[in-house]
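Just so you know, ligand 1 is whichever comes first in the structure, and atom 1 is the first atom listed for that ligand.
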Amino acid sequence: MKIAIVTGASSGMGREFVKQISRLYTGLDEIWVIARRRERLTQLQEESMYPLRTLDGDITDPKFLEEFAYLLQATSPDVRMLVNAAGVGSNGTIADLAEINDRLQPEMVRLNCEALLEMTQKVLPYLSEKSRIINLASGAAFCPQPGFAVYAATKSFVLSFSRALGRELKKKKIYVTAVCSGPVATEFFASDTMKIVAWKKPFLADPNAVVRKALIDSGKRKKLSVYGGSMKLVRILTKILPIDFLVWIMGI
Ligand SMILES: NC(=O)C1=CN([C@@H]2O[C@H](COP(=O)(O)OP(=O)(O)OC[C@H]3O[C@@H](n4cnc5c(N)ncnc54)[C@H](OP(=O)(O)O)[C@@H]3O)[C@@H](O)[C@H]2O)C=CC1
Ligand SMILES: N[C@@H](C=O)C(=O)O
């Protein structure tokens, strides 16, 4: 059975990946869609040409991860694509966020880093030649960001992890792409602790376009998918400017 697996499929870019994978790729038997909001995943069936297998649950929950591993073992699928899109962000200083809720930032690390790693580890034995992994990192991965510190650090983890994993899997011809976009118009900005700052508003990208580029870049076996001219410029600047200056700028 040939499948694609998408985490964070109930909204934003994960949802868009499911829709576009279903339109663009032939030969899949199922797409496995993962998120906590079951009804959203069920509704998504209307937008997919392929049967969706709805795995509703929290990917930071060891019980969910155990059941997921068991399902993989029981069905032994050929996973053609894994999209790790589940993730959250919070902005504010580390101290302010800790005062609001001291679990907020540790739980962000658990979801954005550990759960992404655990999903990848579990799926790895079921990937074969020309399979692909797409990890949602962020432009925030390019440099430390005071006021967005833990989120940016989690995304640096995702970028670094993706690059190294891609190298490890090269011999097996399995390709890994990290998606590093700027702000994208999704529910990411709808939580009480993740407010979009004014200067980012003009740069808000359409999730449809970001995902289309990510799938094209993954098809071209690119290690990074960077959407938009402004984010490409940010990437260059973060390579050439001194780190202390960059952190100062980001903290203004
Ligand atoms: N929007 C942006 O500006 C950018 C976002 N990104 C990254 O892209 C990825 C997708 O974000 P985006 O689509 O924008 O955001 P959304 O908030 O729209 O989507 C996040 C998804 O993650 C799922 N999710 C959250 N927590 C859990 C959990 N514990 N277990 C399982 N699923 C979970 C949510 O589903 P549910 O609540 O149903 O569980 C939802 O489907 C994230 O990793 C984000 O960091 C990168 C660059 C820019
Ligand atoms: N890139 C976005 C999040 O990942 C942002 O800048 O808010």
Side-chain angles (χ1 to χ4, degrees), residues 5-19 32-44 54-65 68 83-92 103-104 106-116 118-119 134-143 145 147-159 161-162 177-211 213-214 224-228 230-231 234-235 238 250:
I5 300 176
V6 181
T7 75
S10 63
S11 74
M13 288 187 273
R15 183 181 167 84
E16 199 52 48
F17 269 107
V18 176
K19 285 156 61 174
W32 292 11
V33 290
I34 302 174
R36 292 165 302 179
R37 286 170 290 179
R38 184 179 177 79
E39 67 295 346
R40 288 279 197 97
L41 297 176
T42 310
Q43 283 163 11
L44 193 50
T54 300
L55 308 179
D56 57 313
D58 181 340
I59 64 168
T60 66
D61 179 354
K63 196 163 168 284
F64 175 84
L65 290 165
F68 177 64
V83 180
N84 281 308
V88 288
S90 290
N91 53 6
R103 295 308 307 150
L104 207 56
E107 279 167 10
M108 197 194 311
V109 176
R110 169 86 186 123
L111 177 65
N112 294 4
C113 303
E114 273 189 47
L116 181 143
E118 291 200 58
M119 291 300 298
I134 299 179
N135 288 332
L136 275 286
S138 163
F142 295 147
C143 113
Q145 295 199 17
F148 206 20
V150 176
Y151 179 77
T154 67
K155 294 302 175 176
S156 293
F157 170 93
V158 176
L159 176 55
F161 168 75
S162 303
T177 303
V179 179
C180 297
S181 68
V184 184
T186 69
E187 290 172 28
F188 180 81
F189 293 106
S191 91
D192 290 344
T193 54
M194 186 62 237
K195 294 285 163 259
I196 184 152
V197 289
W199 67 266
K200 284 188 183 175
K201 282 188 184 163
F203 298 101
L204 265 179
D206 176 357
N208 182 311
V210 176
V211 167
K213 176 156 176 52
L224 255 73
S225 177
V226 183
Y227 177 83
S230 51
M231 200 38 60
V234 168
R235 187 179 169 218
T238 56
M250 295 311 300

Participant: Show your working on side-chain contact (heavy atoms from CB on, under 4.5 Å) between T193 and L104 and close with a plain yes or no.
Facilitator: CA-CA 9 Å; T193 54; L104 207 56; 3.7 Å; yes
Participant: For atom 1 (N) of ligand 2, what's the nearest protein heavy-atom neighbour? Residue, atom name and distance, please.
Facilitator: S138 OG, 3.1 Å
Participant: Say whether G139, considering both its backbone and side-chain N or O atoms, lies within less than 3.5 Å of an N or O atom on ligand 1.
Facilitator: no
Participant: Looking only at heavy atoms of G89, does any of them come nearer than 4.0 Å to an atom of ligand 2?
Facilitator: no
Participant: Considering only heavy atoms of S181, which atoms of ligand 2 have at least one such atom less than 4.0 Å away?
Facilitator: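 Those of ligand 2 that fall under 4.0 Å from S181 are 1 (N).
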Participant: Is A35 close to ligand 1, meaning an N/O of one under 3.5 Å from an N/O of the other?
Facilitator: no
Participant: Applying a strict 4.0 Å limit to heavy atoms, is A205 in contact with ligand 1?
Facilitator: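 Flag not set, A205 not near ligand 1.
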Participant: Quick one: which ligand 2 atoms are inside 4.0 Å of a heavy atom on P183?
Facilitator: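 Counting atoms of ligand 2 from 1, those under 4.0 Å from P183 are 1 (N), 2 (C), 6 (O).
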Participant: For the residue pair Y151 and G89, what are the closest heavy atoms and their distance?
Facilitator: CD1-CA, 3.5 Å
Participant: Which heavy atom of the protein is the closest neighbour of atom 25 (C) of ligand 1, given with residue, atom name and distance?
Facilitator: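 Checked against all protein heavy atoms, atom 25 (C) of ligand 1 sits closest to R36 NH2, 3.4 Å.
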Participant: Got a salt bridge between R40 and E187, using NZ or NE/NH1/NH2 to carboxylate O under 4.0 Å?
Facilitator: yes
Participant: Looking at ligand 1, does any of its N/O atoms fall within less than 3.5 Å of an N/O of V88?
Facilitator: no
Participant: Within the structure, is a non-hydrogen atom of E16 found at a distance of less than 4.0 Å from ligand 1?
Facilitator: no
Participant: Quick check against the 3.5 Å criterion: does S156 have a side-chain atom that pairs as donor or acceptor with the backbone of A141?
Facilitator: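 Side chain of S156 to backbone of A141, a donor-acceptor pair under 3.5 Å: yes, one is there.
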Participant: Quick one: which of F142, Y151, F203, F188 has a heavy atom closest to atom 4 (O) of ligand 2?
Facilitator: Y151
Participant: Quick check against the 3.5 Å criterion: does D56 have a side-chain atom that pairs as donor or acceptor with the backbone of L41?
Facilitator: no
Participant: What protein heavy atom sits nearest atom 34 (C) of ligand 1, and how far away is it?
Facilitator: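 Minimum-distance protein heavy atom for atom 34 (C) of ligand 1 reads S10 OG, 3.8 Å.
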Participant: Is it true that E107 and R110 make a salt bridge, defined as a side-chain N closer than 4.0 Å to a carboxylate O?
Facilitator: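 No, E107 and R110 are not salt-bridged.
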Participant: If we only consider heavy atoms of G89, is any one of them less than 4.0 Å away from an atom in ligand 1?
Facilitator: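 For ligand 1, residue contact (heavy atoms, under 4.0 Å) with G89 is absent.
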Participant: For ligand 1, is G182 a contact, meaning one of its heavy atoms is under 4.0 Å away?
Facilitator: yes
Participant: Walk me through it: do T60 and D58 pass the test side-chain hydrogen bond (donor to acceptor under 3.5 Å, both in side chains)?
Facilitator: CA-CA 5 Å; T60 66; D58 181 340; 2.6 Å; yes
Participant: Relative to ligand 1, is I34 under 4.0 angstrom through side chain, backbone, both or neither, heavy atoms considered?
Facilitator: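 The answer is neither.
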Participant: Between D206 and N208, is there a donor-acceptor pair closer than 3.5 Å when you use the side chain of the first and the backbone of the second?
Facilitator: yes
Participant: Would you say ligand 1 has an N or O under 3.5 Å from any N or O of A85?
Facilitator: yes
Participant: Short N/O distance, under 3.5 Å, between F188 and ligand 1?
Facilitator: yes
Participant: I need the contact type for F189 against ligand 2. Using non-hydrogen atoms and a strict under-4.0 Å cut-off, is it side chain, backbone, both or neither?
Facilitator: side chain
Participant: Measure from atom 45 (O) of ligand 1 to every heavy atom in F64, Y151, F17 and give the option owning the shortest one.
Facilitator: Y151
Participant: Of all heavy-atom pairs between K155 and L136, which one has the smallest distance, and what is that distance?
Facilitator: NZ-O, 2.9 Å
Participant: Under a heavy-atom criterion of less than 4.0 Å, does A115 contact ligand 1?
Facilitator: no
Participant: Which one of I196, V184, V179, T154 has a non-hydrogen atom at the shortest distance from atom 2 (C) of ligand 1?
Facilitator: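 Comparing heavy atoms across I196, V184, V179, T154, the nearest one to atom 2 (C) of ligand 1 lies in V184.
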Participant: Which protein non-hydrogen atom lies closest to atom 20 (C) of ligand 1, naming both residue and atom, and how far is it?
Facilitator: G87 O, 3.7 Å
Participant: What residue and heavy atom of the protein are closest to atom 6 (O) of ligand 2, and at what distance?
Facilitator: K200 NZ, 2.8 Å
Participant: Applying a heavy-atom cut-off of 4.0 Å, say which part of K155 lies close to ligand 1: side chain, backbone, both or neither.
Facilitator: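 Just the side chain.
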Participant: How far is atom 47 (C) of ligand 1 from its nearest protein heavy atom, and which residue and atom name does that atom have?
Facilitator: S181 OG, 3.2 Å
Participant: Could you tell me the residue and atom name of the protein heavy atom closest to atom 18 (O) of ligand 1, and the distance to it rounded to 0.1 Å?
Facilitator: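 Scanning the protein heavy atoms, the shortest distance from atom 18 (O) of ligand 1 goes to S11 OG, 2.7 Å.
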Participant: Can we call the ring centroids of F203 and Y227 under 6.0 Å apart?
Facilitator: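 Between Y227 and F203, which both carry aromatic rings, the centre distance is not below 6.0 Å.
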Participant: So which protein heavy atom does atom 23 (C) of ligand 1 come closest to, and at what separation?
Facilitator: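 Atom 23 (C) of ligand 1 sits closest to the protein heavy atom G8 CA, 3.7 Å.
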Participant: Report the residue from I34, T7, I5 that forms a side chain to side chain contact (heavy atoms under 4.5 Å, CB included) with L55.
Facilitator: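 The passing option is I34.
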Participant: So N112 and V88, do their side chains get closer than 4.5 Å, heavy atoms only?
Facilitator: yes
Participant: Any nitrogen or oxygen of T186, main chain or side chain, under 3.5 Å from a nitrogen or oxygen of ligand 1?
Facilitator: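 Yes, at least one N or O pair falls under 3.5 Å.
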Participant: Hey, is C180 touching ligand 1 through its side chain, its backbone, both or neither, going by heavy atoms under 4.0 Å?
Facilitator: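 Under 4.0 Å from ligand 1, C180 contributes no heavy atoms.
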Participant: Which heavy atom of G12 sits nearest a heavy atom of T186, and at what distance?
Facilitator: CA-CG2, 3.7 Å
